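All residue numbers refer to positions in the sequence shown, counting from 1. Please read these numbers as outputs of a predicted model, since none were measured by experiment. These numbers come from the heavy atoms of this one structure, side chains and all, not from hydrogens, waters or symmetry mates.
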Amino acid sequence: MTHVTLFWENQGLVGLESRGHSGQKPKGEDVVCAAVSTLVQALLVGLRDVAKASGDVVCEMNDSIPLIRVEWAKSRARELDLLTRTIALSLKEIASGYAGHVSVSEVHRS
């Protein structure tokens, strides 16, 4: 199961974490896992190359889990909203179509 956690602060999305394999197919054949990975990679490309937010982004990866955690400065949350919410909604769509393989939870920080 791939677990996606969305991190919110003051009603702005400020990060996400994707952890684990979906288990829909064996590693290397899993289109659900590939879809989640592609969206997270698209988020990173969008933050770096389109929004030019590299200096305000922290990315942690661990291939042995697998884990990718991306957080961006809350001061830029509103500016990045179109990109980040599009990725979040797309991940939720995948989770709704593959409920046994992907889950999305949301953490609201104060």
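Considering only heavy atoms from C-beta on, Val102 comes within 4.5 Å of Val36 through its side chain. Residues Val14 and Arg76 form no side-chain contact, since every pair of their non-hydrogen atoms from C-beta on lies 4.5 Å or further apart.
Pairs passing the salt bridge (charged side-chain N to carboxylate O under 4.0 Å, His left out) check and including a residue from residues 95-106, sequence neighbours excluded, read Lys92-Glu106. Judged as a side chain to side chain donor-acceptor pair (under 3.5 Å), the pairs with a partner in residues 9-18 (not counting sequence neighbours) are, in order, Glu9-Lys74, Glu17-Arg19, Glu17-Arg69.
Taking Ile, Leu, Val, Met, Phe, Trp and Tyr as hydrophobic and joining them when side-chain heavy atoms fall under 4.5 Å apart, one finds Leu67 in a cluster with Ile65.
From Glu79, atom CD reaches atom CG of Asp81 across 10.5 Å, with rounding to the nearest 0.5 Å. We find the CD1-CG distance between Ile87 and Leu39 to be 5.0 Å, quoted to the nearest 0.5 Å. For the atom pair Cys59 SG and Glu71 CD, the distance stands at 10.5 Å (nearest 0.5 Å).
The number of heavy atoms from other shown groups lying within 6.0 Å of CZ (Phe7) is above 12.
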Could you go step by step and tell me if Thr2 and Ile94 meet the side chain to side chain contact (heavy atoms under 4.5 Å, CB included) rule? CA-CA 11 Å; Thr2 298; Ile94 293 172; over 6 Å; no
Going through the checks in order, is the side chain to side chain contact (heavy atoms under 4.5 Å, CB included) test met by Leu47 and Leu83? CA-CA 8 Å; Leu47 290 170; Leu83 169 64; 4.0 Å; yes
Would Leu16 and Leu43 satisfy side chain to side chain contact (heavy atoms under 4.5 Å, CB included), going step by step from the backbone distance to the final call? CA-CA 10 Å; Leu16 69 81; Leu43 172 64; 3.6 Å; yes
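A donor-acceptor pair is defined here as one N or O able to donate and one able to accept, closer than 3.5 Å; no such pair exists between the side chain of Ser103 and the backbone of His3. Formation of a donor-acceptor pair under 3.5 Å by the Ser22 side chain with backbone atoms of His101 is not found in this model. Side-chain atoms of Trp72 come within 3.5 Å of backbone N or O of Leu13 as a donor-acceptor pair. Between the side chain of Asp63 and the backbone N or O of Pro66, no donor-acceptor pair lies under 3.5 Å.
Minimum interatomic distance between Met1 and Ala99 (heavy atoms only, all atoms of both residues): CE-O, 3.8 Å. Here the closest heavy-atom approach between residue Met61 and residue Leu44 is recorded as CE-CD1, 4.4 Å. The shortest heavy-atom contact between Leu82 and Thr86 is O-OG1, 2.6 Å.
Under the salt bridge (charged side-chain N to carboxylate O under 4.0 Å, His left out) criterion, Glu93 pairs with no residue at all, not counting sequence neighbours. With sequence neighbours left out, the salt bridge (charged side-chain N to carboxylate O under 4.0 Å, His left out) criterion links Arg48 to no other residue. Applying the salt bridge (charged side-chain N to carboxylate O under 4.0 Å, His left out) rule to Lys25 yields no partners; only residues at least two apart in sequence or on another chain are considered.
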